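Written out below as structure tokens is the structure these notes cover.
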There are 2 protein chains.
Amino acid sequence: MEENISHVQIDDIDRSIIQLLNKNARISYTDLAKEVGLSRVAVQARINALMEHGVIERFAAVINPEKIGIHVSAFFNVEVSPAHLHEAAALLAEEQVVTSLYHMTGPSKLHMHALFINHQEMEQFMKEKLYKMPGITSVECQVLINRYKSRMGMRL
Amino acid sequence: MEENISHVQIDDIDRSIIQLLNKNARISYTDLAKEVGLSRVAVQARINALMEHGVIERFAAVINPEKIGIHVSAFFNVEVSPAHLHEAAALLAEEQVVTSLYHMTGPSKLHMHALFINHQEMEQFMKEKLYKMPGITSVECQVLINRYKSRMGMRL
DNA sequence: GTTGAAATGCTGTGTAC
DNA sequence: GTACACAGCATTTCAAC
């Protein structure tokens with residue numbers, strides 16, 4: 001009896017379903033069934049299974065931050081002393097401006113993305129929060145100029 | 001008559017709607033209306049307006065790549081000679097493994113995220129595609145170890 | 001912004017194959 | 001996996017306020 005399966009076998013129809021739900025997560029099961037050529041009940045069962053197995057984590061709205069006055073998008077490479085890594089990560093994860101935070105290979109490296117209303121807000125965040133965090137030894141910051149592709153963790 | 005407005009004024013109810021749709025994009029308008037305390041018709045009108053104005057770009061399924069056997073997630077910092085920047089960006093954007101690609105501040109820097117089945121596939125991509133692209137002067141690669149936070153471009 | 005109403009479509013569940 | 005059926009909801013689009 002294995003509850004925590006980490007790997008799920010999916011077929012081409014599952015892949016089509018995922019792709020269609022990725023383009024439009026509010027499509028009805030009925031329309032989805034027509035597209036993939038399965039019955040509505042079968043499609044529902046597949047989606048439920050995909051969610052139970054954690055393949056589909058949730059359905060989300062994709063927002064354009066620029067349109068609501070959030071004009072600065074930046075990536076940070078933050079180096080932290082090993083002893084403070086988890087503490088710093090927990091503190092950073094709490095910040096509203098931080099949208100993603102990952103631990104990467106390299107010398108105690110955190111990779112962070114954050115959104116700011118303007119450069120002033122970014123500078124304030126860096127000076128008053130980031131630089132004051134425990135164990136931070138280096139901060140590299142890059143600001144976004146142009147989006148060539150953004151499909152957010154979805155590989156076709 | 002201004003068609004291309006780049007900035008939209010939204011209020012607290014819009015913000016609640018966006019947050020709720022971000023948690024669960026398949027919620028019904030009826031339930032959404034109950035949550036935000038507006039009529040169903042008003043909520044529908046607001047969502048339609050948010051989509052028309054480009055605030056909500058679309059609704060997407062959030063996938064856990066690990067669950068379908070895609071075990072390596074990596075970020076790349078790619079430096080390209082200015083003359084080849086757009087050409088290289090266009091070529092990289094076409095690659096299936098590349099999930100996001102941004103032009104960042106810095107010396108013709110591209111920031112890229114990609115997903116691979118395993119390290120072997122990553123190495124193959126780097127050797128056979130990335131290193132052969134025109135104008136590429138430097139490649140930095142970091143592999144993901146742990147996800148502390150991932151909210152994908154949504155700031156609360 | 002609101003309510004109400006009518007037509008249509010969708011979902012959840014059950015049956016049988 | 002399919003098909004069918006049925007009840008209950010949801011959506012769309014009116015009109016009237």
Side-chain angles (χ1 to χ4, degrees), chain A residues 1-64 67-70 154 156, chain B residues 1-3 5-65 67-70 154 156:
Chain A
M1 157 170 161
E2 36 179 357
E3 281 290 323
N4 286 337
I5 37 170
S6 61
H7 190 293
V8 180
Q9 206 59 31
I10 67 168
D11 64 9
D12 286 348
I13 294 177
D14 288 320
R15 257 178 279 273
S16 313
I17 291 173
I18 290 171
Q19 276 179 237
L20 287 163
L21 283 171
N22 215 259
K23 280 198 206 113
N24 173 21
R26 283 181 75 82
I27 187 175
S28 72
Y29 295 125
T30 311
D31 288 347
L32 211 41
K34 281 176 204 157
E35 292 271 355
V36 302
L38 243 62
S39 73
R40 177 177 62 89
V41 182
V43 170
Q44 272 171 291
R46 276 165 183 264
I47 292 175
N48 289 339
L50 288 170
M51 297 196 76
E52 272 162 25
H53 293 149
V55 175
I56 299 174
E57 290 184 350
R58 67 180 211 281
F59 299 99
V62 178
I63 304 303
N64 183 341
K67 294 280 181 179
I68 49 176
I70 296 174
M154 175 61 183
L156 298 178
Chain B
M1 160 170 163
E2 36 181 356
E3 283 289 324
I5 37 170
S6 61
H7 190 294
V8 180
Q9 206 60 32
I10 66 168
D11 65 9
D12 287 346
I13 295 178
D14 287 321
R15 256 178 280 273
S16 313
I17 291 172
I18 289 171
Q19 277 180 235
L20 288 163
L21 283 170
N22 215 259
K23 281 199 206 111
N24 172 20
R26 284 181 75 83
I27 187 174
S28 72
Y29 295 125
T30 311
D31 289 347
L32 211 42
K34 282 176 203 158
E35 292 270 356
V36 302
L38 241 63
S39 73
R40 181 173 40 87
V41 183
V43 169
Q44 272 171 291
R46 274 166 184 263
I47 293 175
N48 288 339
L50 288 171
M51 296 197 75
E52 273 162 24
H53 293 148
V55 175
I56 299 173
E57 289 184 348
R58 68 181 210 279
F59 299 99
V62 179
I63 304 304
N64 184 342
K67 294 280 180 179
I68 49 175
I70 297 175
M154 174 61 181
L156 299 178

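Keep in mind that what you see is a predicted model, and the values were worked out from it rather than measured. Each chain gets a letter, A, B and so on, in the order the sequences are listed, and its residues count up from 1.
One N or O on the side chain of B/R26 and one on the backbone of A/I27 form a donor-acceptor pair closer than 3.5 Å.
Here the side chains of A/I68 and B/D14 are not in contact, with every heavy-atom distance at 4.5 Å or above.
Summarising the geometry of B/A61 relative to A/A25, their closest heavy-atom pair is N-CB, 4.2 Å, with the distance given to 0.1 Å.
In this model, the phosphate group of D/dG1 is not approached by any side-chain N or O of A/S39 to a distance below 4.0 Å at OP1 or OP2. The phosphate of D/dT11 has neither OP1 nor OP2 within less than 4.0 Å of any side-chain N or O from B/Q44. Checking the phosphate oxygens (OP1, OP2) of C/dT11, a side-chain nitrogen or oxygen of A/T30 falls inside 4.0 Å.
Both A/G37 and B/I27 lie near DNA chain D, and the one whose nearest nucleotide falls closer to the 5' end is A/G37. Summary of the strand contacts: B/I13 and B/R26 both lie near DNA chain C, and taking for each the nucleotide with the nearest heavy atom, the more 5' one is attributed to B/I13. Mapping A/V41 and A/D31 onto DNA chain C by nearest heavy atom places A/D31 at the nucleotide closer to the 5' end.
Rounded to an integer number of Å, the gap from B/K34 NZ to C/dT2 C1' is 17 Å. The CG-C1' distance, from A/L32 to C/dC10, rounds to 13 Å in whole Å. Taking atom OH of residue A/Y29 and atom P of nucleotide C/dT13, one finds them 11 Å apart after rounding to whole Å. D/dT12 atom P lies 8 Å from atom CG of B/N48, rounded to whole Å.
Across C/dT2, D/dT12, D/dG1, the shortest atom-to-atom separation from the side chain of B/L38 is found for C/dT2.
Under 3.5 Å, the side chains of B/Q19 and B/R15 contain no donor-acceptor pair of N or O atoms.
Checked by distance alone, A/R40 brings a side-chain donor or acceptor within 3.5 Å of a matching partner on the base of C/dG12.
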